[in-house]
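I have placed the structure first, in the form of structure tokens, so that the comments after it can refer back to it.
Just so it is clear, the model here is predicted, and its values are computed rather than measured. Quick note on labels: first sequence line is chain A, next is B, and so on, each numbered from 1.
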Amino acid sequence: MASAFELLGVPVTFNLNESDINAALRSVGLQWHPDRFACASAAEREHAEEQMAEFNVAHATLCDPLRRAIALLDVFSCPYDPNGVNADPEFLMDMLEIKEQLHDAKQNNDSTVLNKLIFDLRKREQHELAQLAQLFTEWETANNRSQDLPQLQQLLNQLHYLDRTIETSF
Amino acid sequence: MAYSDKVIDHYENPRNVGSLDKESSDVGTGVVGAPECGDVMKLQVQIEEGVIIDAKFKTFGCGSAIASSSLATEWLKGKTVEEATAIRNVDIVEELALPPVKIHCSVLAEDAIKQAISDYESKQNND
């Protein structure tokens with residue numbers, strides 16, 4: 001199956017900006033939008049709709065940095081296995097403490113503390129995402145990709161924890 | 001998906017929630033997690049002459065993850081280190097009647113037990 005990058009015809013790199021991804025969707029959309037097939041046969045219309053659905057999924061994949069990273073690792077035949085990574089115990093302990101603080105803040109209805117915790121988590125996520133982008137830049141052009149793969153997967157793993165923790169903190 | 005009565009019981013009345021002194025030489029700590037759901041589980045055992053005299057856990061996650069670790073601490077107390085390492089995730093699945101989509105929660109608990117005991121053992125070897 002074609003990768004999200006191929007489908008939208010964007011460069012196979014982690015470092016894509018959202019406006020390029022949007023422009024790519026618009027350009028394939030011009031060609032395949034169901035409105036253009038209003039007078040076509042039912043089969044052609046259905047095909048166009050299927051194509052558009054695939055493009056939309058590819059767009060959503062590329063717009064989400066974590067999903068984009070996983071799609072990219074797939075392209076390079078280094079599939080990401082979330083359970084294949086042993087998370088750093090110190091990081092997990094840190095997450096546990098943050099989750100406990102979030103839990104307490106919610107119990108006490110303390111929105112000041114809660115907002116501060118979420119703000120810090122987001123800042124940390126942004127910081128780690130920037131690190132991920134940097135790692136990918138080096139990794140994509142490296143001769144020996146398997147060498148830096150564990151580091152990349154480790155960071156991706158941590159970002160998943162951060163992402164899930166932020167999402168469940170409301 | 002419906003939780004079994006045993007899962008609900010452990011979820012509503014979790015046994016042995018808390019912490020032991022992580023720095024103490026007779027305490028082993030295991031901390032594990034599942035990145036896809038963001039669950040994190042900490043399980044600690046206090047061991048005296050090869051027998052687990054206390055076990056505590058702290059889990060942030062779904063009902064099954066909480067129940068799995070709660071049940072694990074209940075089982076661990078009074079067991080020898082050898083008996084503890086023999087606990088398998090399938091035992092937890094069976095006891096709690098966990099559905100297939102929640103089996104990974106029992107795997108987390110088994111991993112946490114193993115990690116806690118190996119942490120304790122590495123402390124003993126360093127002394």
Using the rule that Ile, Leu, Val, Met, Phe, Trp and Tyr join whenever any side-chain heavy atoms are under 4.5 Å apart, tell me whether A/L8 and A/V57 fall into a single cluster. no
Quick check on B/Y11: does its OH atom have over 12 non-hydrogen neighbours (other residues, nucleotides or ligands) under 6.0 Å away? no
Which residues in residues 32-50 of chain B have any heavy atom lying under 4.5 Å from a heavy atom of chain A? B/V32, B/G33, B/A34, B/P35, B/E36, B/C37, B/G38, B/D39, B/V40, B/M41, B/K42
Which residues, numbered in order, of residues 98-123 of chain A come under 4.5 angstrom of chain B by heavy-atom distance? A/K99, A/E100, A/H103
Applying a criterion of heavy atom separation less than 4.5 Å, what residues of residues 55-63 of chain B form contacts with chain A? B/K58, B/F60
Within one Ile-Leu-Val-Met-Phe-Trp-Tyr cluster: B/V93 and B/I66, side-chain cutoff 4.5 Å: no
Take atom CG in B/D5; do more than 12 heavy atoms of anything else shown fall under 6.0 Å from it? no
Non-hydrogen atoms of B/T29 and A/M93 that approach each other most closely: CG2-CE, 3.8 Å
Membership question, hydrophobic clusters at under 4.5 Å side-chain separation (ILVMFWY): are B/I53 and B/I117 in the same one? no
Applying a strict under-4.5 Å side-chain criterion to I, L, V, M, F, W and Y, I'd like to know whether A/V12 and A/L66 cluster together. yes
If the contact rule is any heavy atom under 4.5 Å from chain A, which residues of residues 70-80 of chain B qualify, in numerical order? none
Cluster overlap B/I113 with B/V27, hydrophobic side-chain contacts below 4.5 Å: no
